[in-house]
Amino acid sequence: MDTKGYVRPFAAALVVFVAAFLLLDTLIMNMQGLSLIFDK
Amino acid sequence: MNGPRPILKTGLALTILGLGLAVVALVLTGFGQFSAFAAEHAGAAGEAAAAGLYGPAPKLTAADYPAIAGVNGRIVVWIVAQLHLWFAAFVLAVPIFVFIIEVIGMRTRDKRYDDMAYEFIKVSITAYSLTAVLGGFLVFALILFYPHLFTYLSTIFSESMFYYALLFFAESAALYIYYYGWHWLQGGFKKWVHLTLGLVLNAVGTTLMLLANAWLTFMMSPAGVDAAGVFGGDAWAAIHNFLWNPINIHRFVANIAYGGSIVGAYAAFKFLTATGRQERAHYDWMGYNANFIAICALLPLPFAGYYLAAEIYAYSQQMGITLMGGIFAWLFIIQAVLIGTLFLSANYYLWCGMGRSDGAKRYTKYIKYIAIVLVGAFLVWFTPHTLVLTNEELKALGGPHHKILGPLGIMPAKNTAVNVMIIFTAISFMFYRRANKIATVPWVKAGNAIQVALYTAGIANIVFLGIYHGYFTNTVYKVAASIPQVLTTLVVIAGSITLDSFIYRGSKEVGSLQWGRIPERAQYALFLLAVAFTWLMGLMGYIRSGIRQHWHVVDIMRDASPDAFTPTLGYAANVVSVAAIIFMAMVIFVFWIAQVSSNKTLPAGYWKE
């Protein structure tokens, strides 16, 4: 397995993307986010 | 002599363009003006209502529904309305992507796009006549079988019905000039005139759809009337009812997907009947583009449908529960099977299409994994919540829910499944696009690693949201979690396309694409796409209309006809299936007419041989 060319960028990108998606989830799932979408 | 002519030409160009834009602007802002007009006159109209100009919704008895020649009015209206809607969806969608393809042809200066756009619009011309004929038939059927309902609705929507008729003339004029003027309005300035006509055609067509949508959504979520159904005089309030925009969005997207699937079937039909290699190559390319259009619109369609369903719940919990938790819930299982079929056939077509490139073999080894995930998600999607069982089966199972599969019957599992299906369809499409390319950037390995990380994180997030919020939090979060799931899917697809465009910047081609090198069975996938879409629209349209149950206009005007009951699902499915068969027969006629119109027979001596 090409550690430098493939595994490292993969691991780094995975950490970044997971963190970004969790941040997105948190922002939307907090009550303010919910009320923005569901309040009439 | 040459001096003034360019000025004259430019002036004329600007005038025609200005006129075109003015028409578009008038059409687009028509609602606003209409609204302002209605607002201005609302007071006067309210007084008129108070003075008894507008009566309450009629309270009917079975005697108010004419029996004509022993014909069942509901079945006639049901089938004719469905046929009209299928054709209308097709003829409204085709000019949208024909216009886009024409623009692409103009930008790329590739005549193939222009030829394809012309062929697409040619198919829709006969369909347009059939749409109008069926629309007339529907009006007559409504007047004959449901005279009081029609009178009540036409009182409220008198102005919009009048404008609808005018717009229909405008659309016919724009369509016929757009089609018959295609070869006349070619090159330079004339092409701009033609494109403007296309824009006007689409603006008018979309406005027509919006008006018709207002009438049907008024029946589901009436507005602008009081509890007794007395119209307050504000036409805009009646048009802009609660479910109008959710239906508008859902229908607009669905029409494009549907239009793509029907012209895809046309291309498949032409491919299978083609005799020469060049002709096969042309129709293969056309089928690919049609499938691409259908997939592009199919991907956001579940979200638009989910939004519509959420708004139905928001408007009336009773209607929402009837929709997915009551009698119609099992039709959603059929819906899941049909949508799963759509995804599988669209993917299958892409996989077969990869054979056009010699470089595809690098990716074919991954197809089986995509297929496994798609089938797995498909199975989750159509797992029912509550099983229909005999007493013995109930005893053996210990209840109506299966211990292991039962949890897959609720929406969080299905939302997760559909998002995963969409992402894997995007992967199929990415492989298709990559099949004929070789990346030349030095960071290709790192780029691919980032790409894989994006998909991995996105899918993990969708599954996490589905499991955690779907099963370990309360209902509000269950519903809310669908929003970050959708956003994750969109981010993954948009991110992947962006990354791919950088990775393949300045890429080399493996070889020229071999259009026409596709197995014939792939064409049947295109047919399947069109048939599944048609049947799906019929069944889901029945659900949308059926959730009104015994009301013509929900809570305002009761249906007192002998047919004011919800039929069994089998009966409803049979009616929709018969309608779908009639529609398909008419579509084959449309394809045949398009084929016949290009046939030429050179007579030896006319009738004096």
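When reading the values below, keep in mind they use all heavy atoms of this one structure, side chains included, and skip hydrogens, waters and symmetry mates. Just so we're on the same page: letters track the sequence lines, and every chain starts at 1.
Of the two parts of L465(B), only the side chain, counted from C-beta on, holds a non-hydrogen atom closer than 4.5 Å to a non-hydrogen atom of chain A. For chain A, the nearby parts of A446(B) are the backbone and the side chain; heavy atoms of each come within less than 4.5 Å. If you measure heavy-atom distances from V444(B) to chain A, you find no contacts under 4.5 Å at all.
Nearest approach of F17(A) to I450(B), heavy atoms of both residues: CE1-O, 3.6 Å. Listed here is the closest heavy atom pair of Y6(A) and K445(B): CD1-O, 3.7 Å. The two residues P484(B) and M29(A) make their nearest non-hydrogen contact at CG-SD, 3.9 Å. The heavy-atom pair separating L22(A) from F464(B) by the smallest distance is CD2-CE2, 4.2 Å.
Summarising the local packing, OH of Y471(B) is surrounded by more than 12 heavy atoms from other residues, nucleotides or ligands at distances under 6.0 Å. Counted within 6.0 Å of CZ on R433(B), heavy atoms from surrounding residues, nucleotides or ligands total 12 or fewer; the atom is thus considered open. In the displayed structure, Y468(B) atom OH is contacted under 6.0 Å by at most 12 heavy atoms of other residues, nucleotides or ligands.
Most heavy-atom pairs under 4.5 Å with chain A: of the set T473(B), T456(B), V491(B), N461(B), this distinction falls to N461(B). Counting heavy-atom pairs closer than 4.5 Å to chain A, the top-ranked of the candidates Q485(B), Q451(B), H469(B) is H469(B).
Here the straight-line distance linking atom CG of L24(A) with atom CG of L487(B) works out to 5.5 Å at 0.5 Å rounding.
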